[in-house]
Amino acid sequence: MRFDIITVLPGLLDSPFAHSILQRAQKKGLTEIHVHNLREYASNKQKSVDDYPYGGGSGMVMQIAPFAACIEKLQSERNYDEIIYMTPDGETLNQEMANGLSSSNKNIIILCGHYKGIDQRIRDIYVTKEISIGDYVLSGGELPAAILVDAIVRVIPGVLSDETSALSDSFQDGLLDAPIYTRPVDWNGHKVPDILLSGHEAKITAWRHEQQLQRTKERRPDLLND
């Protein structure tokens with residue numbers, strides 16, 4: 001998969017993509033991540049990409065022309081399956097969405113907003129999908145973009161060294177994950193549940209599923225309703 005991320009603050013994305021699983025995925029050739037500085041597509045001498053909103057109001061709005069120029073340049077070089085805008089009023093990101101994007105798309109453009117957002121015409125003309133990472137507002141779309149890329153890339157076959165790891169994550173089966181433990185067995189009187197030391201695979205599986213249901217019921221009952 002290839003990701004092209006358009007932003008006014010490319011430096012914010014240096015670290016998320018240079019470490020851990022995302023770094024390994026790129027080294028393996030399983031994904032490409034390219035970050036584009038929107039200011040390079042500004043036509044004015046100051047390289048500004050925002051202006052006052054029509055109709056008045058506080059804040060600034062990101063202009064249509066720089067985004068259009070960058071998107072169209074990228075589209076002239078290859079086909080894209082999705083152009084995604086990270087926005088609080090988009091569809092909330094979940095595991096099912098990440099799974100779908102990882103399996104059905106090869107090239108994705110991600111737009112990062114700033115200030116009060118982007119000119120609506122960009123959303124109307126170019127954007128094919130709008131995604132939110134939650135019901136809150138951040139200073140820009142860079143961190144949400146990094147979260148989206150991470151969620152998609154980690155479920156691409158071959159990215160994780162243990163192929164079953166992603167399949168057992170929370171939300172993959174609509175439930176939260178069960179409690180997990182490692183050594184030592186006894187830490188200051190706090191012990192690992194005996195069932196996990198039994199070696200009885202079927203009973204361990206049943207225990208974990210029971211714990212998933214219980215934890216989901218207590219913490220996210222909405223998932224059970226869904």
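Hydrogens, waters and symmetry mates play no part in the numbers below; they use all other heavy atoms, side chains included. Predicted, not measured: the structure shown is a model, and the values here were computed from it.
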Is it possible for you to say whether Ile33 and Ile131 belong to one hydrophobic cluster, with membership spreading through side-chain heavy-atom contacts below 4.5 Å? yes
More than 12 heavy atoms of other groups within 6.0 Å of Tyr52 OH: no
Side-chain touch Thr31/Ile152, heavy atoms, less than 4.5 angstrom: no
Return yes when atom NZ of Lys47 has more than 12 non-hydrogen atoms of other residues, nucleotides or ligands closer than 6.0 Å, and no otherwise. yes
Find the distance between CZ (Arg39) and CG (Asn44) and round it off to the nearest 0.5 Å. 9.5 Å
Could you grab the distance from atom CG of Asn225 to atom NZ of Lys217, nearest 0.5 Å is fine? 11.0 Å
What are the two closest non-hydrogen atoms of Glu142 and Cys112, and how far apart are they? OE2-CB, 3.6 Å
State, with a plain yes or no, whether a side-chain heavy atom of Ile6 is found less than 4.5 Å away from one of Tyr41. no
With the side chain counted from C-beta on, respond yes when Met62 and Ile122 share a heavy-atom pair under 4.5 Å apart, and no when they do not. no
If I take atom CG from residue Leu196 and atom NZ from residue Lys191, how far apart are they, to the nearest 0.5 angstrom? 14.5 Å
Would you find a donor on one side and an acceptor on the other, under 3.5 Å apart, between the side chain of Glu91 and the backbone of Lys129? no
Compare every heavy atom of Ile118 with every heavy atom of Val61, then report the nearest pair and how far apart it is. CG1-C, 3.9 Å
Does one hydrophobic cluster hold both Val8 and Tyr85, with members joined at side-chain heavy-atom distances below 4.5 Å? yes
Got more than 12 heavy atoms from elsewhere within 6.0 Å of CZ, Arg183? no
Going through the checks in order, is the side-chain contact (heavy atoms from CB on, under 4.5 Å) test met by Leu160 and Val155? CA-CA 8 Å; Leu160 298 182; Val155 292; over 6 Å; no
For atom CD of Glu218, decide whether the heavy atoms of other residues, nucleotides or ligands shown that lie under 6.0 angstrom number more than 12. yes
Search all heavy atoms of Asn107 against all heavy atoms of Asn79 and return the closest pair with its distance. ND2-O, 2.8 Å
Taking the side chain as everything from C-beta on, heavy atoms only, tell me whether Ile21 gets closer than 4.5 Å to Asp150. no
Would you mind writing out the side-chain donor-acceptor pairs for residues 65-77 within the sub-3.5 Å range, not counting sequence neighbours?
unit_1	atom_1	unit_2	atom_2	d
Glu72	OE2	Tyr126	OH	2.4
Lys73	NZ	Glu77	OE2	2.8
Ser76	OG	Lys73	O	2.5

Kindly check if the number of other-residue, nucleotide or ligand heavy atoms within 6.0 Å of CG (Asp194) is above 12? no
With a cut-off of 6.0 Å (strictly less than), are more than 12 heavy atoms of other residues, nucleotides or ligands near CZ of Arg2? yes
In this structure, are over 12 heavy atoms from other groups packed under 6.0 Å from Lys106 atom NZ? no
Verify, without hydrogens or angle tests, whether Thr92 (side chain) and Ser132 (backbone) share a donor-acceptor contact under 3.5 angstrom. no
To the nearest 0.5 Å, atom CD of Gln212 lies from atom CG of Leu223 at 11.5 Å
Enter the distance from Gln63:CD to Arg121:CZ here, rounded to the nearest 0.5 Å. 10.0 Å
Kindly work out whether a path of hydrophobic side-chain contacts (I/L/V/M/F/W/Y, heavy atoms less than 4.5 Å apart) joins Phe3 to Ile109. no
4.5 Å side-chain heavy-atom contact, Ile83 and Leu111: yes
Exceeds 12 heavy-atom contacts within 6.0 angstrom, atom OH of Tyr136: yes
Look at the side-chain heavy atoms of Ile, Leu, Val, Met, Phe, Trp and Tyr, link any pair under 4.5 Å apart, and say whether Met60 and Leu138 land in one connected group. no
Verify side chain to side chain donor-acceptor pair (under 3.5 Å) between Asp50 and His114, making sure each step is shown before the conclusion. CA-CA 9 Å; Asp50 61 306; His114 255 275; over 6 Å; no
For a quick test of reading the model, state the closest non-hydrogen atom pair linking Ile195 to Ile204 and the distance between them. O-CG1, 3.3 Å
Apply side-chain contact (heavy atoms from CB on, under 4.5 Å) to residues Asp4 and Tyr80 and explain how you reach the verdict. CA-CA 10 Å; Asp4 288 272; Tyr80 286 89; 2.8 Å; yes
On a heavy-atom basis, which atom in Met1 and which in Leu101 lie closest, and how many Å separate them? CE-O, 3.6 Å
Output for pair (Leu93 CG, Ile84 CD1), nearest 0.5 Å, gives 9.5 Å
Looking at Glu130 and Asp89, what are the two nearest heavy atoms and their distance? OE1-OD1, 4.3 Å
Same apolar cluster: Leu22 and Leu13, side chain cutoff 4.5 Å: yes
